[in-house]
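All of these numbers come straight from a predicted model, not from anything done at the bench. Below, read A as the first sequence line, B as the second, and so on, with proteins coming before strands; counting in each chain starts at 1.
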Protein chains: 2
Amino acid sequence: MAAVNPIARNLPVPRTTRQAQAAETRAALLTAARRVFGERGYLNTKITDITAAAGRSTGSFYEHFADKGQLLRALVGEMEAAADAHLAQHDHPADHDLTDRAQLRDHVAIAWTVMREHRPVTGAQFQSMIAADPGSGRAWQDLLDQTSTLREHLDHLREQGHRLPGDPQLIAAAIGAMLGLLGYAAPAQPADDDRIIDSLTDLLLHGLAGPLAGGAAG
Amino acid sequence: MAAVNPIARNLPVPRTTRQAQAAETRAALLTAARRVFGERGYLNTKITDITAAAGRSTGSFYEHFADKGQLLRALVGEMEAAADAHLAQHDHPADHDLTDRAQLRDHVAIAWTVMREHRPVTGAQFQSMIAADPGSGRAWQDLLDQTSTLREHLDHLREQGHRLPGDPQLIAAAIGAMLGLLGYAAPAQPADDDRIIDSLTDLLLHGLAGPLAGGAAG
DNA sequence: GTCTATACCCTGATAGAC
DNA sequence: GTCTATCAGGGTATAGAC
């Protein structure tokens, strides 16, 4: 199970490879953490679980990270970089119109896909957010931070005379809450993703009493 | 800070009052737990925190509860009893029509109010759900359980020929996710509750592109 | 930089007197 | 039934050899 550690021997290590080895260990810890976070969850994972899965010693961990939270931040940073690179491939209209179904669906799909493809990391982030001291307001702050772009789109809509259901910040947070918790809780079944994305899009676009709601047609 | 414990003396206790004292200790533990859960959160609260807040000894805890989770279940039971009693005062139409704004708003308002009035308990329940092993699927199951009534209402709508945005179970879970996480994360400011309830109602009723959306009127 | 070994603290849970 | 005292286990973080 545990990967073989090439440094665990008492052999002399050429100086030039030492920092490469360090980077390798750091990467091994990150990869192992991603795996065990996915299996047992972030909160239930101990530092010794991570080092064991990476085939490194306990003490080695602290050479790279001060604690579990810092390692999580590094994983989140990696994920955001990957997501940004992925997004750069897509064309984005400069002025979003979230009342256009295709554009709204794109946003829902991107959020959903990122959550699912990086489930161990987003799940860990979610657990960390919920476990924070309630008095700290971190959950609310995180929710606002992660929906700030959405909020800007809603602000934009409102400036153009659109009548929204409520304050853009609140609506953005509500949508983020729906996607965030549903994405965390729903079982991972990629075959269902399209159906879920379509359903959420329609719910957010027209609600329960939308234009489709009245008819008896199937 | 800690309440005075009348049994902490070595005085003889009349037999008839012993079970009353036990009930009192149990109640003191529940009340103290509710308070510390609200302050530090469920996950960060240790059993010794509860007993200290209740002015009882550590060992006394185990006479009443096997562990922290069982105590939480007791608190949830109390809350549900209170909520049921509260709901019994209101008239409920036998056949709900969630596409009627007043009825939808009632449901949103009830869910929101219960969450907020029992914040320490619902917050603890939420933390407990999120901290569970991801592989257990408990988060998803809890979400389904807590939205089963809503789902029935949506089933009812569909049977009457209403076209919903998606599978009733999924839509109910999505709405529950929105309310649940938002209710957990949003700062407690009762003055804002009505505004939030109205906004969420409108979002769920007509979405972002609802009938109000197009006009430039304020 | 990594390892082994360990000190330390915290927490859950129990034993036995009253 | 409650208390005091304590034990056992687990987890973080460090020390020092290599």
Given [options], identify the nucleotide with an atom nearest to the side chain of [X].
| X | options | answer |
| --- | --- | --- |
| B:D67 | C:dT2, C:dA13, D:dT4 | C:dA13 |
| A:T48 | C:dT11, D:dT2, D:dT12 | D:dT12 |
| B:Y62 | C:dT14, C:dT2, D:dT2 | C:dT14 |
| B:S57 | D:dA13, C:dT2, D:dT2 | D:dT2 |
| A:K46 | D:dA13, D:dG1, D:dG11 | D:dG11 |
| A:H64 | D:dT2, C:dT2, C:dT11 | C:dT2 |
| A:A22 | C:dT2, D:dA13, D:dT2 | C:dT2 |
| B:T58 | C:dT2, D:dG1, C:dA13 | C:dA13 |

Between [N] atom [atom2] and [X] atom [atom1], what is the distance in whole Å?
| X | N | atom1 | atom2 | value |
| --- | --- | --- | --- | --- |
| B:F65 | D:dG1 | CZ | P | 13 Å |
| B:L29 | C:dG12 | CG | P | 14 Å |
| A:I50 | D:dG10 | CD1 | P | 18 Å |
| A:F61 | D:dG11 | CZ | P | 15 Å |
| A:Q70 | D:dT12 | CD | C1' | 15 Å |
| B:K68 | C:dT11 | NZ | P | 10 Å |

Exercise for the section: Evaluate the side-chain proximity of B:I175 to A:L208: yes if any heavy-atom separation is below 4.5 Å, no if none is. Expected result: yes
Practice task
Determine whether B:Q70 and B:D67 make a side-chain contact, defined as any pair of heavy atoms from C-beta on separated by less than 4.5 Å.
Solution key: yes
Handout entry: Parallel, tilted or perpendicular: ring planes of B:H153 versus B:H96, cut at 30 and 60 degrees
Key = parallel
Problem - Polar side chain donor-acceptor pair, A:Y184 to A:Q127, under 3.5 angstrom - result: yes
Exercise for the section: Quick one: pull up CG in A:D155 and CZ in A:R151 and give me the separation to the nearest 0.5 Å. Expected result: 5.0 Å
